[in-house]
Number of protein chains: 2
Amino acid sequence: MINKRTTRDHIVEAANQLFYEHGFEHTSFSDIANQVQISRGNFYYHFKTKDEILAAVIQLRLANTARILAEWEQKGESPKDRIRCFILILVTNRVKIKQFGCPVGTLSSELAKLNHVAQKEANEIFTLFRCWLRTQFSLLGHKSNADALAMHVLGRSQGVATLVNAFKDEKYLQQEVKQLCEWLDSITDE
Amino acid sequence: MINKRTTRDHIVEAANQLFYEHGFEHTSFSDIANQVQISRGNFYYHFKTKDEILAAVIQLRLANTARILAEWEQKGESPKDRIRCFILILVTNRVKIKQFGCPVGTLSSELAKLNHVAQKEANEIFTLFRCWLRTQFSLLGHKSNADALAMHVLGRSQGVATLVNAFKDEKYLQQEVKQLCEWLDSITDE
DNA sequence: TTTCTGTTAGGACAATCATCCTAGAGAGAT
DNA sequence: ATCTCTCTAGGATGATTGTCCTAACAGAAA
């Protein structure tokens, strides 16, 4: 029972990484099986279809995201600090973003093109960030337009991730992060 | 010669559309052949490999982009008007963006994940916009940071396109476009 | 007519894909 | 030892992929 869970976890973790680095469609059963060092037959025992793996990967990402947001909730003293934590993931994950873009945004747009059933679930990851940011902006006193501000920050991050991925320009990333932080300052202390 | 809409052109146009709507990898030879109503054999006469079609599609997009930028150059009276033209493509193409995202950004990130050889050529489309915007900001008197401003507008647009595609929220799009235009005003008249 | 050249159709090819199946290993219980 | 159950391995399946081949067609040139 314990052994089953670990193998399954290994599969989901490998799929999570490969879906991010090579895309959902460009990742095959064999790719994942090779990464985990198990046979394709064993693989099938744990997941009947590719969509099942995708669903599991999305669940994993949702859980990881929720965990990170909870951590920020504790770490950041003020709502402003917490929002800064969000902005700074661009810096923290810059190496991977340069190579593969934002995991949330790229999965979302890939599934949109495939017209995939899991599209909605994948976008829930966006929604987690959105709601969390909205809460922080509300706490900052921007109750009336908290959602718009949340979407704004989310969009700015997405844009930066896309262009950093295209141009591999770290200076641009730093510049935009700085600008975003300044924007955050400008709407908080008045 | 005058009305020379050759089979080859039809193929490239169909591929251009399908690559945008379903992605490069998820579009097969058969898909394109079906769309153009020709046989796969005829197809092969015009393009030996899938990468050749991709290269042709990118060339088509580069030409189309250059044409549009030239049009804006003539239509827009001031550099500011021209930059506004760029910002407003989000509104003009909002229906397609909602469904499939930005054609430039999504192709770029897909090819990045595939580690495709045509990655660089695809990013040239971004570069066309970037250089054109840079020129406009230079003409506006922002010579020293024209490139940063160009990248900023480009990034904001990309972010909006990604989130509109995910959330299908047209009100958010309108709001961000308005904000971008206001930002443009704020850095021009002082 | 015959010949040549550019174009088309349709099938063949090996490779790869997601999926499915069966045999068996290993451990624990009886 | 036998039985049972979870887990694993590896091959088979049929569909689809990108790629390639060859025969036939059309129109112009000879």
Side-chain angles (χ1 to χ4, degrees), chain A residues 1-58 107 110-111 113-119 121-122, chain B residues 1-58 107 110-111 113-119 121-122:
Chain A
M1 305 129 192
I2 293 161
N3 198 13
K4 172 194 173 181
R5 277 187 55 86
T6 39
T7 302
R8 204 194 122 102
D9 289 346
H10 279 114
I11 292 174
V12 178
E13 275 162 33
N16 182 34
Q17 183 199 331
L18 290 171
F19 286 175
Y20 175 38
E21 298 185 357
H22 303 130
F24 168 67
E25 191 159 43
H26 193 241
T27 302
S28 69
F29 273 56
S30 303
D31 290 335
I32 307 173
N34 283 341
Q35 176 106 346
V36 190
Q37 299 265 44
I38 61 168
S39 65
R40 278 185 349 280
N42 187 4
F43 195 105
Y44 179 73
Y45 173 77
H46 294 280
F47 293 98
K48 296 259 173 290
T49 68
K50 204 180 175 185
D51 290 353
E52 265 184 43
I53 317 168
L54 178 59
V57 166
I58 293 175
L107 180 66
E110 183 181 0
L111 296 186
K113 287 199 198 267
L114 301 184
N115 211 6
H116 198 282
V117 280
Q119 212 175 324
E121 282 92 339
Chain B
M1 322 295 163
I2 299 164
N3 204 3
K4 198 183 168 188
R5 297 238 320 162
T6 60
T7 303
R8 204 195 123 101
D9 291 339
H10 281 113
I11 292 174
V12 177
E13 276 162 34
N16 182 34
Q17 184 200 329
L18 290 171
F19 286 176
Y20 175 37
E21 299 185 356
H22 305 313
F24 168 66
E25 191 160 45
H26 193 242
T27 301
S28 69
F29 274 55
S30 303
D31 291 335
I32 307 173
N34 282 342
Q35 175 107 345
V36 191
Q37 298 265 44
I38 59 168
S39 64
R40 279 192 342 281
N42 186 6
F43 195 107
Y44 179 72
Y45 173 77
H46 293 281
F47 294 97
K48 297 260 174 287
T49 68
K50 204 181 175 186
D51 290 353
E52 268 184 41
I53 318 168
L54 177 59
V57 166
I58 292 174
L107 180 66
E110 183 181 0
L111 296 186
K113 287 197 198 267
L114 301 184
N115 211 6
H116 198 282
V117 279
Q119 212 175 326
E121 283 92 340

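Letters A, B, ... are given to chains in the order of the sequence lines, protein chains preceding strands, and every chain is numbered from 1.
- The minimum heavy-atom distance between A/Ile58 and A/Glu121, with the atom names listed, is CG2-O, 3.7 Å.
- In this structure, A/Phe29 CZ and A/Asn34 CG are separated by 13.5 Å, a value rounded to the nearest 0.5 Å.
- Here the straight-line distance linking atom CD of A/Glu110 with atom NE2 of A/His26 works out to 10.5 Å at 0.5 Å rounding.
- Residues meeting the salt bridge (Lys or Arg N to Asp or Glu O under 4.0 Å) test with B/Glu21, sequence neighbours left out: B/Lys96.
- Evaluation of the side-chain contact (heavy atoms from CB on, under 4.5 Å) rule for A/Phe47 yields A/Arg8, A/Ile11, A/Val12, A/Phe43, A/Glu52, A/Ile53, A/Ala56 as partners, not counting sequence neighbours.
- Judged as a side chain to side chain donor-acceptor pair (under 3.5 Å), and not counting sequence neighbours, the contacts of A/Ser28 are A/Asp31.
- Here D/dT16 presents its C1' atom at 13 Å from CG of B/Asn34, a figure rounded to the nearest Å.
- Nucleotide D/dT19 holds its C1' atom 11 Å from the CD1 atom of B/Ile53, rounded to whole Å.
- Note that the two end axes of the helix from C/dT1-D/dA30 to C/dT30-D/dA1 enclose an angle of 30°, each drawn from 5 base pairs, rounded to 10 degrees.
- Spacing between atom CD1 of A/Ile11 and atom P of D/dC7 amounts to 11 Å, rounded to whole angstrom units.
- A search for side-chain contact (heavy atoms from CB on, under 4.5 Å) contacts involving A/Ala55 returns nothing, not counting sequence neighbours.
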Restricting to nitrogen or oxygen on both sides, can you table the protein-nucleotides 3-7 of chain C pairs closer than 3.5 Å?
from: C/dT7; atom 1: OP2; to: B/Tyr45; atom 2: OH; distance (Å): 2.9

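- Legend: residues meeting side-chain contact (heavy atoms from CB on, under 4.5 Å) with A/His116, ordered by chain and number and at least two apart, are A/Phe24, A/Asp51, A/Leu54, A/Leu111, A/Leu114, A/Ala118.
- Under the side chain to side chain donor-acceptor pair (under 3.5 Å) criterion, A/Asn115 pairs with no residue at all, not counting sequence neighbours.
- Interatomic distance, A/Gln17 CD to A/Gln35 CD, rounded to the nearest 0.5 Å: 5.0 Å.
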What string of B, S and - do you get for nucleotides 17-28 of chain C, 5' to 3', if B is base contact, S is sugar-phosphate-only contact and - is no contact with any protein heavy atom under 4.0 Å? SSBB--------
